[in-house]
Structures are given as C-alpha cells and as structure tokens.
Amino acid sequence: MIKEYILSLLKETIDFDDASQIKVDIPKDPSHGDLSTNAALVLSKKLGKKPRDLAIELSDSLKYDNEIIESISIAGPGFINFKLNSKYFFKIVEKILDENSNYGKLSINSGKRANIEWVSANPTGPLHAGHGRNIALGKAIANLLEWSGYNVVREYYYNDAGSQMDNLAKSVHARYMQIFNPDFPFPEDGYSGNYIKDIANLIYNRKKDELKSSDNLEIFKLSGEDYNFNLIKKVLNLMGISFDVFFNESSLYKTGKIEELINRFREFQMVYEKDGALWLKMEKTEGFDKDKVIVKSTGEPTYRLPDMAYHIDKVKRGFDLIVDIFGSDHGDTYKEVLYGIKKAGYDNKNINVIIHQMVTFKRGDESVRMSKRSDNVYYLEELINDVGVDATQFFFVMRNPNTHLDFDIELAKDQSDKNPVYYLQYAHARICGILRNAQQNYDVLSDNPEVDFSKLGTEDELCLIKTLGRFPEIIHECSVNLEPYKLIPYLNEVASGFHSFYHNNRVLDSDNVELSKSRLALCRATKIILSNGFRIIGISAPDKM
RNA sequence: GCGCCCGUAGCUCAGCAGGAUAGAGCAACAGCCUUCUAAGCUGUGGGUCCGUGGUUCGAAUCCACGCGGGCGUGCCA
C-alpha cells in the first residue's frame with residue numbers, strides 16, 4: 001500500500017534501526033497534503049540535527065515515482081508532507097471496479113484456520129435482547145476474520161448437562177403438573193417465563209396425563225431443550241447467522257475428555273480433595289487468590305471443568321486462532337479457563353478472548369428493565385421486531401465492545417435522518433437509483449465501456465476517491481484488532497463523501513457523455529465499497545428505500 | 001476489600017502502540033428541493049478531555065494516587 005511505499009522510500013534514503021516510532025499518516029488537515037510522516041521529528045535527536053533541517057535533507061534526497069507522488073513539502077516542526085498524483089487515485093477506482101466484491105480482502109491470514117465461538121447460550125430459554133451484543137459482534141468479527149484471509153469455523157457451545165438443564169426440567173415438569181393441579185409447587189429458582197408453559201402444553205397435547213405420576217424428568221428436559229433451541233436458532237436465522245459446529249457439553253463426558261483432563265491435573269499435581277470436592281490449585285503468581293472447585297461433592301463438575309476440556313479440544317483441533325466472545329460477566333472465568341489449559345500442559349497462546357460490556361436498553365429517556373425473575377424480559381426477537389434486523393445488528397456493532405452500550409430503541413426504530421443506519425444505507429440506495437436511471441434512460445452511456453478518469457477532478461470527486469482508496473487499510477486495522485466498530489465511522493465518511501458529491505455533481509448528462517461515464521464509474525466504485533463494508537458489519541445493502 | 005472495564009461537547013460516543021488547531025452523530029440555530037430519492041446538502045455555536053501529581057521537545061493518550069459508575073469476586077453458568 002501507499003504508506004509502505006513511502007516508508008520504503010525513507011528507508012532507502014536513511015538508515016533507521018528502530019522504525020516503530022516512524023509513522024506515515026493521513027493528516028487531519030487536508031492542506032497538509034495526502035500523507036505525512038514524522039520521520040524527521042523522530043530521527044532528529046539520534047542524528048543530532050534540527051528536525052526541520054533533517055526534513056529538508058530527507059525530502060531533497062527521496063527518489064520517488066512522479067506518477068504516484070506529485071510533490072513534497074515541509075511543514076510545522078518538521079513534518080514531511082506528500083501530495084499524491086491524481087493518476088494514482090484513478091488507478092484505485094479501476095482496481096475497485098475490477099476486484100468488485102473482493103476488493104478489500106486481505107491475504108495476511110491466507111491458508112490459516114480460525115475458530116470463533118460465540119452466543120453459546122444454554123437452551124434454557126429464548127435469547128434476550130442483551131444477548132444481541134454478543135451475537136452481532138461475533139457475526140461481524142467472523143466476517144472480518146474471513147476478509148483477512150482465514151478459513152473460519154463458526155461454533156456454538158452449549159450446556160446440555162448441568163444443573164441449569166435440571167432446573168429447566170423441573171420448571172417444565174411443574175407447569176405440566178399445574179395443568180392437573182394448579183397448586184403444584186413451582187421451583188423457587190425455576191424459569192418463570194411463559195415459554196415454559198408453552199413447552200408443558202406441548203407435552204400435554206402429546207402425552208395427555210401419561211406422565212402425571214412418573215418421576216422421570218428426562219422427557220421434560222429434552223422437550224424443553226428442543227423447544228428452546230428451536231427458538232434460539234430461529235432468531236439466529238433472523239440475524240443471518242449460521243453455525244458450522246454446535247458443540248454440546250455432554251459429548252465431553254461421552255468421549256471421556258472430562259475424565260482425561262482430571263487425570264492430567266492429578267498427574268501434574270494441580271488438584272486436591274477437600275470437603276468431598278476436587279479443588280484446582282490457583283496460583284497467586286498467575287493473579288488468583290483462591291483455589292477453585294472443579295468437581296462438586298455431589299460428583300458433578302462445576303462449569304469451569306468442561307469449559308477447560310472444551311477449549312483443550314479446540315486447541316487440539318489445531319486452529320491458528322481461536323476467538324471467544326463473552327460478556328463482562330464472564331470476565332473472570334475466561335482467565336480460569338486459560339489457566340486450566342496451561343496447567344494441563346497445553347498451549348493457550350492462540351486463544352483470543354473478547355470481552356464486551358453490558359447493554360442498557362432505553363426507549364427515549366426511559367430505561368427498559370430486564371429481570372429474569374419477574375418474567376419482565378425483553379427478548380431479542382422483540383427487539384428485532386421493534387427496530388429491524390439491520391438496526392439491531394448495526395447498533396450492537398457500532399460501539400467499542402469495551403464500553404457500556406446504551407441502546408436507544410426509539411432511535412434505532414426511527415426511519416429518519418436521525419438514525420445512522422439509514423444514512424449509510426440511503427447512500428447505497430441512491431447509487432442504485434442512479435444506476436437504474438442510467439440503464440433505463442441513458443443508452444449513450446452504455447455504448448463504450450472505456451472510461452476516461454481524467455474527466456474527474458472536482459473537489460468532491462477527488463475527496464470521495466481518496467476515501468474509497470483507504471478501504472483495504474481500514475479492513476486491515478479492523479481485522480488485526482478484531483474491531484468491526486472502526487469500520488462504521490469510515491463507512492460514514494464514504495456515505496458523506498458520496499452525498500456531497502451527489503449534491504454538487506450531476507452524474508447523468510446526455511450532453512456530457514464522457515464525464516457522465518466517469519462519474520458513473522465512481523458511483524459504482526462507491527457502491528462496491530459500501531456494500532463490501534455492509535457485508536462485514538452484517539447489514540443489508542438495499543437497492544431502494 | 002480485591003480484580004477487570006469505563007469517565008472526552010447538552011445526549012450517545014470516536015480519538016488513547018504520545019504528534020500540527022481534540023472529532024462524529026443527534027440535539028440547538030441559520031440557509032438549500034421546476035434537475036439522477038431532501039432518509040440529502042451547506043454553514044454557525046458548543047469542551048476544566050473526572051481530579052491531582054509525575055514522565056518529555058510534546059499528554060485526552062503513558063505512570064502513580066484519588067473520585068465517580070458498571071461487571072465480577074459461588075461446590076450457578
């Protein structure tokens with residue numbers, strides 16, 4: 001890319017052992033040129049020269065290609081500013097049109113395999129709105145991994161074995177029994193949602209009172225699991241997500257992986273028995289302050305043991321990168337899991353855990369209460385019905401996962417310029433409108449596909465082209481750090497650049513065929529960038545709005 | 001108490017591997033539709049970057065200590 005080109009020019013001219021401080025950036029102020037470097041500032045001390053003198057010296061001796069760099073100037077304390085040749089920018093437009101839906105795809109991780117695990121909600125009930133952040137993030141990050149070249153396995157891990165599933169069975173059973181006897185006691189910590197009654201009714205419709213006097217809860221558990229999983233999959237489907245692997249906890253028992261891990265811990269003397277439970281030694285030097293139970297006195301493992309076994313399984317599958325996405329309420333447990341992997345003698349360095357903070361939902365100024373206990377749950381499906389899939393996806397991905405998210409339902413629902421989703425999508429729809437119009441009403445424009453880009457030259461046009469050309473490096477930045485949210489301000493800039501261009505520059509004009517063609521090409525290039533960006537963050541690119 | 005995260009414009013947030021005058025969207029105010037979608041464009045106002053110290057040519061950004069908020073700190077997941 002162009003930044004590397006300039007960096008390589010600098011390296012040809014002057015020796016610097018430590019290049020980490022030297023940066024080539026796009027200056028905030030466009031009057032400072034298209035690119036700028038702080039090289040002279042950084043190197044001045046080492047070489048004992050004044051930054052400005054060094055800058056002049058450097059810029060005089062650079063041997064650059066005139067087709068790429070038009071001019072060089074010195075400014076401020078010693079920044080070297082580069083103005084690029086517009087021919088360079090026109091080549092970018094050609095490249096975008098040529099690579100089309102692949103433009104921006106990187107090869108930095110070609111040939112590598114990545115596993116990304118997220119959602120992983122247990123089938124004890126439908127997904128609630130708060131799950132949305134995890135779901136949306138994972139979707140976008142999985143896309144980013146693919147764009148950076150990885151072969152990606154999308155995976156969902158769920159617990160179909162532990163005490164939560166027993167609780168589900170008891171809850172469904174109680175609702176079933178209440179059909180015959182309204183006074184049948186409901187478990188104190190049972191799942192109170194109405195869906196439990198729906199499951200009980202389904203069982204009743206099938207089995208009538210056959211199960212009334214049975215104390216086998218298996219059928220209640222399986223029916224509940226099945227019902228809930230269908231609800232979950234339905235919503236995931238709405239969100240446009242499909243998983244390659246559904247990994248269930250019980251398989252870890254069947255294949256003996258839990259037992260194997262316990263034996264390994266024993267072998268490495270990492271565990272001891274106390275009060276009838278099996279404890280894992282947690283070392284202070286690793287930041288832990290007390291030991292943790294991995295097998296309860298009842299003989300059942302705590303959640304962390306199968307979590308560790310599961311991750312060891314992923315490690316053994318040989319991925320180059322393993323990504324986990326958790327809410328901040330799991331912020332401590334993932335550390336235990338990584339620790340367990342290491343202490344069992346496996347390598348955890350390929351595991352990258354992304355922790356996102358919690359979400360608050362608001363309708364205008366009013367916050368939406370979400371408590372599981374009172375059945376006052378705002379389900380993800382309701383949120384999607386309220387604001388639409390695109391707004392749901394967009395609002396969850398919009399912010400840095402590290403910060404708390406305020407999700408304004410009214411704003412997300414609003415079909416007006418207030419809503420940032422529409423601003424972006426509208427730019428795409430507008431372009432499609434122009435393309436339709438060109439096809440239907442401007443035959444002359446399709447005569448000869450040759451485009452003379454030198455017809456382009458207005459401020460708006462050049463500004464838009466420059467923005468489009470930054471797409472690959474934005475993808476690079478986003479994918480290296482697994483940060484899809486950074487794509488959004490960029491796409492906003494693309495849309496804004498396009499809207500300004502549109503406002504000031506008539507695209508279709510029969511009296512100006514060559515100009516029209518080149519502007520039409522610019523429109524197509526913009527459409528490609530927008531739709532590629534939308535695909536990554538996981539929203540649709542509408543043709544009409 | 002301890003651990004992790006956060007504190008930037010009226011609101012929601014970018015910027016935080018140190019760099020030129022701290023940005024965006026919304027809200028406020030003032031303009032722009034006989035022309036490819038006004039779900040748009042143009043302009044204006046708006047800041048103790050939580051506080052106090054430190055590191056240096058330079059700090060919103062790094063360090064220390066406070067203050068405020070969120071989440072953890074289970075033989076729940």
With heavy atoms under 4.0 Å as the rule, sort [X] into base, sugar-phosphate or nothing.
| X | value |
| --- | --- |
| Ser500(A) | sugar-phosphate |
| Asn81(A) | base |
| Thr360(A) | nothing |
| Asn400(A) | sugar-phosphate |
| Asn505(A) | base |
| Ala429(A) | base |

Applying the Watson-Crick and G-U wobble criteria at under 3.5 Å, what pairs with [N]? Answer none if nothing qualifies.
| N | result |
| --- | --- |
| A38(B) | none |
| C29(B) | G43(B) |
| U48(B) | none |
| C76(B) | none |
| C57(B) | G19(B) |
| G68(B) | C6(B) |
| U12(B) | A24(B) |

Any side-chain N or O of Ser516(A) under 4.0 Å from OP1/OP2 of C36(B)?
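The answer is no; no side-chain N or O of Ser516(A) sits under 4.0 Å from OP1 or OP2.
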Taking only the side-chain nitrogens and oxygens of Asn402(A), find out if one of them lies under 4.0 Å from OP1 or OP2 of C5(B).
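For Asn402(A), the contact criterion (side-chain N or O under 4.0 Å from OP1 or OP2 of C5(B)) is not met.
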With rounding to whole Å, what would you report as the distance between [N] and [M] at their [atom1] atoms?
| N | M | atom1 | answer |
| --- | --- | --- | --- |
| G15(B) | U8(B) | C1' | 9 Å |
| U55(B) | C65(B) | C1' | 15 Å |
| G7(B) | C49(B) | P | 14 Å |
| A9(B) | C50(B) | P | 8 Å |
| A28(B) | U35(B) | P | 27 Å |
| G45(B) | G10(B) | P | 15 Å |
| G53(B) | A77(B) | C1' | 44 Å |
| G68(B) | G25(B) | P | 35 Å |

Reference residue Asp406(A); test salt bridge (Lys or Arg N to Asp or Glu O under 4.0 Å); the match among Lys362(A), Arg363(A), Arg399(A), Arg133(A)
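The option that passes is Lys362(A).
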Rounded to the nearest angstrom, tell me the gap between atom [atom1] in [X] and atom [atom2] in [N].
| X | N | atom1 | atom2 | value |
| --- | --- | --- | --- | --- |
| Leu168(A) | C76(B) | CG | C1' | 15 Å |
| Phe395(A) | C26(B) | CZ | C1' | 10 Å |
| Glu493(A) | C41(B) | CD | P | 13 Å |
| Ile294(A) | C75(B) | CD1 | C1' | 12 Å |
| Asp307(A) | A77(B) | CG | C1' | 8 Å |

Apply ring-ring contact (aromatic ring centres under 6.0 Å, His included) to Tyr303(A) and list each qualifying residue two or more places apart in sequence or on a separate chain.
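Tyr303(A) satisfies ring-ring contact (aromatic ring centres under 6.0 Å, His included) with no other residue.
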Take Gly433(A) and Thr37(A), find for each the nucleotide of RNA chain B with the closest heavy atom, and name the residue whose nucleotide sits nearer the 5' end.
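Taking each residue's closest nucleotide, the earlier one in sequence belongs to Thr37(A).
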Position toward the 5' end of RNA chain B (nearest nucleotide), Glu477(A) or Lys362(A):
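Closest to the 5' end, via its nearest nucleotide, is Lys362(A).
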What's the closest nucleotide to the [X] side chain, out of [options]?
| X | options | result |
| --- | --- | --- |
| Asn437(A) | C36(B), C75(B), A14(B) | C36(B) |
| His503(A) | C36(B), C13(B), C41(B) | C41(B) |
| His499(A) | G40(B), A77(B), A39(B) | G40(B) |
| Asn492(A) | A24(B), C13(B), A20(B) | A24(B) |
| Trp279(A) | C75(B), A20(B), G3(B) | C75(B) |
| Arg506(A) | U12(B), U35(B), C76(B) | U35(B) |
| Met545(A) | C13(B), G3(B), A39(B) | A39(B) |

Go through the side-chain N and O atoms of Ser500(A) and Asp460(A) and say whether any donor and acceptor fall under 3.5 Å apart.
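Result is no, nothing qualifies.
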Asn159(A) and Gln164(A): side-chain donor and acceptor closer than 3.5 Å?
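No, because no side-chain N or O of Asn159(A) sits under 3.5 Å from a partner of the opposite role on Gln164(A).
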How close do [X] and [Y] get, counting heavy atoms only, and between which atoms?
| X | Y | answer |
| --- | --- | --- |
| Trp118(A) | Ile325(A) | CB-CB, 3.9 Å |
| Asn81(A) | Ser36(A) | OD1-OG, 2.9 Å |
| Glu225(A) | Leu168(A) | N-CD2, 3.8 Å |
| Tyr490(A) | Leu468(A) | OH-O, 3.3 Å |
| Ser297(A) | Ala277(A) | N-CB, 3.9 Å |
| Ala136(A) | Gln393(A) | O-NE2, 3.1 Å |

Whether Phe79(A) stacks on the six-membered ring of G19(B) base, 5.5 Å and 30° limits:
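No; by the centre-distance and plane-angle rule, Phe79(A) does not count as stacking on G19(B).
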Could you check C33(B) for me: syn (within 90° of 0) or anti?
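Here C33(B) takes the syn form, which means its glycosidic angle is within 90° of 0.
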What's the base orientation of A38(B): syn (chi within 90° of 0) or anti?
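Anti for A38(B); the angle lies over 90° from 0.
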Salt-bridged, Glu336(A) to Arg304(A), with N to O below 4.0 Å?
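Counted as a salt bridge, because a side-chain N and a carboxylate O are separated by less than 4.0 Å.
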Angle class for the Tyr195(A)/Tyr379(A) ring planes (parallel below 30°, perpendicular above 60°, tilted otherwise)?
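Aromatic pair Tyr195(A)/Tyr379(A) classed perpendicular.
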Would you call the rings of Phe395(A) and Phe407(A) parallel, tilted or perpendicular if under 30° counts as parallel and over 60° as perpendicular?
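The rings of Phe395(A) and Phe407(A) sit tilted, inter-plane angle from 30° to 60°.
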Donor-acceptor pair present, Thr124(A) side chain and A77(B) base, under 3.5 Å:
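Such a pair does not exist between side chain and base.
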Donor-acceptor pair under 3.5 Å: do we get one between Thr403(A)'s side chain and the base of C6(B)?
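Under the 3.5 Å cut-off, the side chain and the base do not form any donor-acceptor pair.
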Candidates Val507(A), Leu508(A), Leu520(A), Ile434(A) - the one meeting side chain to side chain contact (heavy atoms under 4.5 Å, CB included) with Tyr442(A)
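When side chain to side chain contact (heavy atoms under 4.5 Å, CB included) is applied between Tyr442(A) and each of Val507(A), Leu508(A), Leu520(A), Ile434(A), only Leu508(A) qualifies.
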Let's see if you get this right: which residues in residues 481-490 of chain A place a heavy atom under 4.0 Å from RNA chain B?
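Heavy-atom cutoff 4.0 Å gives Tyr485(A), Lys486(A).
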Under 3.5 Å, N/O pairs linking protein and nucleotides 71-74 of chain B:
| from | atom 1 | to | atom 2 | distance (Å) |
| --- | --- | --- | --- | --- |
| C71(B) | O2' | Ser328(A) | O | 3.2 |
| C71(B) | O2' | Asp329(A) | N | 3.4 |
| G72(B) | O2' | Asp332(A) | OD2 | 2.8 |
| G74(B) | OP2 | Lys290(A) | NZ | 2.5 |

